[in-house]
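Residue numbers begin at 1 in each chain, while the letters A, B, ... track the order of the sequences. Small disclaimer: the values here were computed from a predicted structure and weren't measured.
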2 protein chains.
Amino acid sequence: MVSDPAHPKVAADVAAFAFLEGAMQVLLVRRRYEPYESYWALPGGGLHPDETLEQAAERELREETGVSDVFMEQLATFSEQDRDPRGRVISCCYLALVDGGRVSLRPGSDAREAAWRPLEELLAEIDRGPVLAFDHDRILQYARRRLAYKLEYQNVAWSMLPERFTMSELRHVYEAGIGRAFEPNNFRRIALGWGVLAEAGERPTGGRPATIYRFAEREPRILAESARYRRAT
Amino acid sequence: MVSDPAHPKVAADVAAFAFLEGAMQVLLVRRRYEPYESYWALPGGGLHPDETLEQAAERELREETGVSDVFMEQLATFSEQDRDPRGRVISCCYLALVDGGRVSLRPGSDAREAAWRPLEELLAEIDRGPVLAFDHDRILQYARRRLAYKLEYQNVAWSMLPERFTMSELRHVYEAGIGRAFEPNNFRRIALGWGVLAEAGERPTGGRPATIYRFAEREPRILAESARYRRAT
DNA sequence: TGCTAATATCGTCACGAGGTCTATAAGTGG
DNA sequence: CCACTTATAGACCTCGTGACGATATTAGCA
């Protein structure tokens, strides 16, 4: 497969995250073919002529894992010459946020299997040495930083939660995505201050029942302006 | 110029900003050839086989405008099928910050001329209708948002200032880049609080002389953590 | 029925960042 | 000597938010 260097191969890869079993998980596929045969990798593949990069990312995610209809945002484009041993491949990477309880994994033809892997464990493993195919270790680290930032900045957590959830569940998503424990009461006060949560009943918990919330608007919205050295009168 | 759709043409474009004559300016080139002949556009061009996208952005900026050795950061990749009438061209766009007093413009072979254009006026013109070639109107709007965010987030203003500057000059860069007036005393207190400014003499101003500052470190650094719902003990 | 444990929710305090405003310092030109 | 300009400095106040304890509501159990 020789490629005209003026027209390199272009691909889209996806770092998809979900909150499952109390931890943040990333969606990986096991490669069926060379190169990196049997390695784990981020789902992704070549751009088709009739689609945008975002459409390619959605299609590859659907084809390789069965996951569709999720929040997606462009991350960055990676263009190092040696990132693919087959030749020049430029990869535009996307961040996807998935409600893990809503989707079921169906590995596609290019993948032996698709699976959620705990993010923290995987990142710790990567710190000790290469794990994923291609430059996907680096891409995953990049995606993780963006995930943390995105959660603090916009109300995108609804993408990773069922329709109805408790304040604890919301907090757990934030704690897992940002990688830090939060004071429950402070988190609660601030989350309610966003003005995007609506009450939707109660749920027994083994202790005092928890209020159930839903997102009043399932559209991305800036949660907090960075309010530095505000304007003069 | 027919292109294999599986291997589209890949280009890098640059939105370069500088603070000149009291206003934020963006660097444009006037196109010499079709399509969009004689239109103003962002500097940019096709990726060479032996370079990364960032290297291509630097090279195109240097070749078309004479500007080199500037702060550069990837913005986003645009892949709409119809963004170039010649066929499928995917453009990876970069944000560049330039010290306008340090560089001199030298238009290259692909450009009739290169010029700084006042950002606010240009954006107002864009609001009234298409102005730049291709989808560069949209890319410029995207770049402007990133510029504002970047200034608040990291100490990248040194890229747009001479070695030595006064607090007023620094504030003017922020006001022009973010598009808002700041209370001088607040700005001063907070800028000094960053801990990255060092005093370097005085300069007469027509009133009380201004303290001259320089950046103690000319490396990107986070200025303010987003401190929301901090961790529990 | 009491007691404890567990979980969620609520109230309060303190501190610091940042806004507003006023005062002072140090030049220029009448 | 005074008015004017520009930069710098201090005082004060509000508000967001981190820290911590108190209260509400269930289950389990003797």
Side-chain angles (χ1 to χ4, degrees), chain A residues 22 148 151-153 155 161-162 164-175 178-214 222-233, chain B residues 22 148-149 151-155 161 164-175 178-214 221-233:
Chain A
L151 281 175
E152 299 210 17
Y153 182 63
N155 60 333
L161 282 167
R164 293 145 51 89
F165 51 89
T166 67
M167 188 59 73
S168 292
E169 289 168 343
L170 178 63
R171 194 181 77 239
H172 290 327
V173 168
Y174 272 77
E175 290 179 332
I178 297 177
R180 213 169 51 205
F182 298 132
E183 163 62 37
N185 190 28
N186 292 337
F187 180 86
R188 170 194 171 69
R189 186 208 305 147
I190 292 168
L192 291 176
W194 293 335
V196 300
L197 297 179
E199 297 192 8
E202 284 194 344
R203 177 187 302 170
T205 64
R208 172 169 173 173
T211 306
I212 290 182
Y213 295 95
R214 60 179 178 81
I222 309 298
L223 293 179
E225 308 270 342
S226 131
R228 328 209 115 260
Y229 39 85
R230 269 261 175 274
R231 60 186 152 291
T233 58
Chain B
Y149 165 70
L151 281 175
E152 298 210 18
Y153 183 63
Q154 285 191 330
N155 60 333
L161 282 167
R164 291 144 52 89
F165 52 89
T166 68
M167 188 59 72
S168 293
E169 290 169 341
L170 178 63
R171 194 182 77 241
H172 290 325
V173 168
Y174 271 76
E175 290 179 333
I178 297 176
R180 211 170 52 205
F182 298 132
E183 163 64 36
N185 192 27
N186 288 341
F187 181 85
R188 172 194 172 67
R189 187 206 308 146
I190 292 168
L192 291 177
W194 292 337
V196 299
L197 297 179
E199 297 191 7
E202 283 193 346
R203 176 186 303 171
T205 64
R208 171 171 174 173
T211 305
I212 290 183
Y213 295 94
R214 60 180 178 80
R221 185 179 138 176
I222 309 299
L223 293 179
E225 309 272 342
S226 136
R228 329 209 112 261
Y229 41 83
R230 272 257 173 275
R231 60 186 152 290
T233 57

ask   = side-chain hydrogen bond (donor to acceptor under 3.5 Å, both in side chains) with B/R221: which residues, sequence neighbours excluded?
value = B/E217
Please output the side-chain donor-acceptor pairs of residues 205-213 of chain A that fall under 3.5 Å, not counting sequence neighbours, one pair per line with the distance.
unit_1, atom_1, unit_2, atom_2, d
A/T205, OG1, A/G207, N, 3.0
A/T205, OG1, A/R208, O, 2.9

message = Tell me every residue that passes side chain to side chain contact (heavy atoms under 4.5 Å, CB included) with A/R189, counting only those two or more places apart in sequence or in another chain.
response = A/N186
query = With respect to the side chain of B/R208, which nucleotide from D/dT17, D/dT8, D/dT26 is positioned closest?
reply = D/dT8
request  = Locate the shortest heavy-atom distance separating A/A148 from A/I178; write the atom from each residue and the value.
outcome  = O-CG1, 3.9 Å
query = B/R188 side chain: which of C/dG27, D/dA19, D/dA9 is closest?
reply = D/dA9
Between the protein and nucleotides 10-13 of chain D, which nitrogen or oxygen pairs are less than 3.5 angstrom apart?
unit_1, atom_1, unit_2, atom_2, d
D/dG10, O6, B/N185, ND2, 2.2

query = Expressed in angstrom and rounded to an integer, what is the separation of A/R180 atom CZ from D/dA19 atom C1'?
reply = 15 Å
request  = Please list, chain by chain and in numerical order, all residues satisfying side chain to side chain contact (heavy atoms under 4.5 Å, CB included) with B/R214, sequence neighbours excluded.
outcome  = B/E163, B/A198, B/A200
query = Rounded to the nearest Å, what distance is computed from the CG atom of residue A/L170 to the P atom of nucleotide C/dT9?
reply = 11 Å
inquiry  = Can a donor-acceptor pair be found, under 3.5 Å and without considering hydrogens, that links the side chain of B/E152 to the backbone of B/Y149?
reply    = no
request  = Report yes if the distance between the aromatic ring centroids of B/Y174 and B/F182 is under 6.0 Å, otherwise no.
outcome  = no
key: Atom-to-atom span, CD1 of A/I190 to P of D/dA19 - whole angstrom   = 11 Å
note = Separation of C/dT9 atom P from A/F187 atom CZ, nearest Å, is 12 Å
ask   = Is B/S168 touching bases, backbone alone, or none of the nucleic acid, heavy atoms closer than 4.0 Å?
value = sugar-phosphate
message = Just verifying a value: how many Å separate B/F165 CZ and B/R203 CZ, rounded to the nearest 0.5 Å?
response = 10.0 Å
note = note: A/F182, atom CZ; D/dC20, atom C1'; distance rounded to Å ~ 18 Å
task = Check DNA chain C against residues 198-207 of chain B and give the residues with a non-hydrogen atom under 4.0 Å, in numerical order.
result = B/G206, B/G207
task = Report the distance from atom CD1 of B/I212 to atom P of D/dT6, rounded to the nearest whole Å.
result = 18 Å
query = If you round to the nearest 0.5 Å, how far is CE of B/M167 from CG of B/L192?
reply = 4.0 Å
inquiry  = Rounded to whole Å, how long is the line connecting atom CG of B/L192 with atom C1' of C/dA17?
reply    = 15 Å
remark   = When rounded to whole Å, the CZ to P distance for the pair A/F165 and C/dA8 reads 14 Å
request  = Just call it for B/T166: base, sugar-phosphate, or nothing, with non-hydrogen atoms closer than 4.0 Å on any strand.
outcome  = nothing
